[in-house]
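Note that these values count all heavy atoms, side chains included, but never hydrogens, waters or copies made by symmetry.
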Amino acid sequence: LGIWLSGTAPAWQVQGNMVEWCLPQDIDLEGVEFKSMASGSHKIQSDFIYFRKGPFFGLACFANMPVESELERGARMKSVGILSPSYTLLYRYMHFLENQVRHQLETPGHYSHLAAFYEDKKGVLHVGPGRGSSL
(Lines give C-alpha, C1' and ligand atoms only; values in the text may rest on other atoms or scores of the structure.)
Protein backbone atom coordinates (compact mmCIF):
# COMPACT_ATOMS: atom_id res chain seq x y z
CA LEU A 1 0.00 0.00 0.00
CA GLY A 2 1.25 3.45 -0.78
CA ILE A 3 -0.55 6.72 -0.16
CA TRP A 4 0.79 10.26 -0.27
CA LEU A 5 -0.04 13.94 -0.27
CA SER A 6 1.92 16.30 -2.48
CA GLY A 7 1.65 20.00 -3.10
CA THR A 8 3.40 23.11 -4.26
CA ALA A 9 6.03 24.47 -1.93
CA PRO A 10 5.55 27.87 -0.26
CA ALA A 11 7.16 30.87 -1.94
CA TRP A 12 10.13 30.86 0.44
CA GLN A 13 11.09 27.37 -0.76
CA VAL A 14 12.50 27.14 -4.26
CA GLN A 15 12.04 23.40 -4.83
CA GLY A 16 8.56 23.60 -6.40
CA ASN A 17 6.42 20.49 -5.91
CA MET A 18 7.08 18.27 -2.91
CA VAL A 19 5.74 15.18 -1.12
CA GLU A 20 4.25 16.56 2.07
CA TRP A 21 3.20 13.29 3.73
CA CYS A 22 3.22 9.55 2.94
CA LEU A 23 2.75 6.06 4.31
CA PRO A 24 4.65 3.88 4.52
CA GLN A 25 7.39 6.37 5.22
CA ASP A 26 10.01 4.30 3.41
CA ILE A 27 8.08 3.99 0.12
CA ASP A 28 9.97 5.15 -2.97
CA LEU A 29 7.96 8.12 -4.23
CA GLU A 30 10.71 9.81 -6.22
CA GLY A 31 9.06 11.82 -8.98
CA VAL A 32 5.42 11.40 -7.89
CA GLU A 33 5.33 15.00 -6.67
CA PHE A 34 5.51 15.98 -10.35
CA LYS A 35 3.55 13.10 -11.88
CA SER A 36 0.63 13.69 -9.50
CA MET A 37 0.19 17.42 -10.16
CA ALA A 38 -1.97 18.44 -13.10
CA SER A 39 -0.26 19.94 -16.13
CA GLY A 40 -1.16 23.63 -16.27
CA SER A 41 -2.20 23.38 -12.62
CA HIS A 42 -2.69 27.13 -12.15
CA LYS A 43 -5.53 27.03 -14.70
CA ILE A 44 -7.19 23.77 -13.56
CA GLN A 45 -9.53 23.54 -10.57
CA SER A 46 -9.42 19.74 -10.17
CA ASP A 47 -8.48 16.62 -12.09
CA PHE A 48 -7.59 12.95 -11.75
CA ILE A 49 -4.15 11.87 -12.95
CA TYR A 50 -3.17 8.29 -13.82
CA PHE A 51 0.50 7.35 -14.15
CA ARG A 52 3.08 4.56 -13.77
CA LYS A 53 5.76 4.32 -11.10
CA GLY A 54 7.95 1.31 -11.78
CA PRO A 55 5.74 -1.80 -11.71
CA PHE A 56 2.89 0.08 -9.99
CA PHE A 57 -0.04 2.15 -11.19
CA GLY A 58 -0.79 5.50 -9.62
CA LEU A 59 -3.94 7.55 -9.28
CA ALA A 60 -3.93 11.03 -7.81
CA CYS A 61 -6.66 13.59 -7.35
CA PHE A 62 -5.41 17.14 -7.86
CA ALA A 63 -7.22 20.25 -6.68
CA ASN A 64 -6.42 23.95 -6.75
CA MET A 65 -7.98 26.45 -4.32
CA PRO A 66 -7.45 30.21 -4.46
CA VAL A 67 -6.15 31.66 -1.17
CA GLU A 68 -5.28 35.17 -0.07
CA SER A 69 -1.71 34.36 0.85
CA GLU A 70 1.44 35.69 -0.73
CA LEU A 71 3.33 32.84 0.93
CA GLU A 72 1.28 30.37 -1.14
CA ARG A 73 1.40 32.58 -4.24
CA GLY A 74 -2.39 33.07 -4.23
CA ALA A 75 -3.23 29.40 -4.70
CA ARG A 76 -3.07 26.22 -2.63
CA MET A 77 -2.53 23.18 -4.85
CA LYS A 78 -2.43 19.61 -3.60
CA SER A 79 -2.76 16.03 -4.82
CA VAL A 80 -3.65 12.96 -2.80
CA GLY A 81 -2.66 9.72 -4.47
CA ILE A 82 -2.23 5.98 -4.18
CA LEU A 83 -0.02 3.35 -5.81
CA SER A 84 -1.40 -0.08 -6.66
CA PRO A 85 -0.14 -3.22 -8.40
CA SER A 86 -3.58 -3.31 -10.12
CA TYR A 87 -4.72 -0.63 -12.56
CA THR A 88 -8.29 -1.94 -12.54
CA LEU A 89 -8.73 -1.32 -8.79
CA LEU A 90 -7.76 2.35 -8.85
CA TYR A 91 -11.26 3.61 -9.68
CA ARG A 92 -12.51 2.30 -6.31
CA TYR A 93 -10.55 5.01 -4.51
CA MET A 94 -11.53 8.03 -6.61
CA HIS A 95 -14.21 9.27 -4.21
CA PHE A 96 -11.89 8.96 -1.19
CA LEU A 97 -9.06 10.78 -2.98
CA GLU A 98 -11.40 13.56 -4.12
CA ASN A 99 -12.72 14.06 -0.57
CA GLN A 100 -9.26 13.99 0.94
CA VAL A 101 -7.70 16.51 -1.42
CA ARG A 102 -10.57 18.91 -0.59
CA HIS A 103 -10.00 18.24 3.12
CA GLN A 104 -6.26 18.92 2.74
CA LEU A 105 -6.90 22.18 0.91
CA GLU A 106 -9.32 23.41 3.57
CA THR A 107 -7.47 22.09 6.64
CA PRO A 108 -3.82 21.51 5.70
CA GLY A 109 -1.69 19.32 7.92
CA HIS A 110 -4.43 17.00 9.19
CA TYR A 111 -3.46 13.50 8.05
CA SER A 112 -5.56 11.25 10.32
CA HIS A 113 -8.03 10.26 7.55
CA LEU A 114 -5.13 9.37 5.23
CA ALA A 115 -3.41 7.32 7.94
CA ALA A 116 -6.67 5.49 8.76
CA PHE A 117 -7.17 4.70 5.05
CA TYR A 118 -3.65 3.30 4.86
CA GLU A 119 -4.16 1.12 7.93
CA ASP A 120 -7.52 -0.14 6.61
CA LYS A 121 -6.34 -0.94 3.08
CA LYS A 122 -2.74 -2.12 3.48
CA GLY A 123 -3.75 -5.77 3.84
CA VAL A 124 -6.42 -5.80 1.13
CA LEU A 125 -4.19 -6.90 -1.72
CA HIS A 126 -1.47 -9.50 -1.62
CA VAL A 127 1.68 -8.24 -3.26
CA GLY A 128 3.92 -10.98 -4.62
CA PRO A 129 7.58 -11.49 -3.66
CA GLY A 130 9.93 -8.81 -4.91
CA ARG A 131 7.12 -6.34 -5.60
CA GLY A 132 7.42 -4.37 -2.37
CA SER A 133 4.37 -3.15 -0.49
CA SER A 134 1.83 -1.05 -2.33
CA LEU A 135 -1.93 -0.75 -2.66
Inset, instruction - Search all heavy atoms of Leu90 against all heavy atoms of Gly58 and return the closest pair with its distance. - result: CD1-O, 3.8 Å
Inset, instruction - Side-chain contact test, heavy atoms from C-beta onward, threshold under 4.5 Å: evaluate it for Tyr118 versus Pro24 and give yes or no. - result: yes
Legend entry - Residue pair Ile82 / Phe57, side-chain heavy-atom distance below 4.5 Å: no
Inset, instruction - Using atom types as modelled and distance alone, determine if a side-chain donor or acceptor of Lys53 lies under 3.5 Å from a backbone N or O of Glu30. - result: yes
Inset, instruction - Mind listing the closest non-hydrogen atom pair of Trp4 and Ala60 along with its distance? - result: CZ2-CB, 4.4 Å
Legend entry - Minimal non-hydrogen separation, Val101 against Lys78, with atom names: CG2-O, 3.2 Å
Inset, instruction - For the pair Glu33 (side chain) and Gly31 (backbone), establish whether a donor and an acceptor sit closer than 3.5 Å, ignoring hydrogens and angles. - result: yes
Legend entry - Aromatic plane relationship, His103 with His113 - under 30° parallel, 30 to 60° tilted, over 60° perpendicular: perpendicular
Inset, instruction - Report yes if some heavy atom in the side chain of Leu59 is under 4.5 Å from a heavy atom in the side chain of Phe48; otherwise report no. - result: yes
Inset, instruction - For side-chain contact (heavy atoms from CB on, under 4.5 Å), just list the numbers for Leu114 and Leu23, CA-CA rounded to whole Å, side-chain angles, deciding distance to a tenth of an Å, and then say yes or no. - result: CA-CA 9 Å; Leu114 296 173; Leu23 280 178; over 6 Å; no
Legend entry - Nearest non-hydrogen partners of Phe51 and Ile49, listed with the distance: CD2-O, 4.0 Å
Inset, instruction - Would you please classify the geometry between the Tyr87 ring and the Tyr50 ring as parallel, tilted or perpendicular, with 30° and 60° separating the classes? - result: tilted
Legend entry - Note, Ile3 side chain near Phe96 side chain (heavy atom, < 4.5 Å): yes
Inset, instruction - Let me see the working for Tyr111 and Gln104 under side-chain contact (heavy atoms from CB on, under 4.5 Å), right down to the final yes or no. - result: CA-CA 8 Å; Tyr111 310 120; Gln104 289 300 320; 3.7 Å; yes
Legend entry - Inter-residue atom distance Glu119.CD - Ser112.OG, 0.5 Å rounding: 12.5 Å
Legend entry - Spatial distance of atom NZ (Lys35) from atom CG (Leu29) [nearest 0.5 Å]: 10.5 Å
Inset, instruction - Can you measure from CE (Met94) to CG (Asn99) and round to the nearest 0.5 angstrom? - result: 12.0 Å
Legend entry - Arg76 side-chain N/O to Met65 backbone N/O, donor-acceptor pair under 3.5 Å: no
Inset, instruction - Tell me, with the steps shown, if Phe117 and Gln100 meet side-chain contact (heavy atoms from CB on, under 4.5 Å). - result: CA-CA 10 Å; Phe117 175 87; Gln100 286 307 299; over 6 Å; no
Legend entry - Main-chain N/O of Ser36 paired with Ser79 side-chain donor or acceptor, under 3.5 Å: yes
Legend entry - Distance (rounded to the nearest 0.5 Å) between Asn17 CG and Phe34 CZ: 5.0 Å
Legend entry - Interatomic distance, Ser84 atom OG to Arg92 atom CZ [nearest 0.5 angstrom]: 9.5 Å
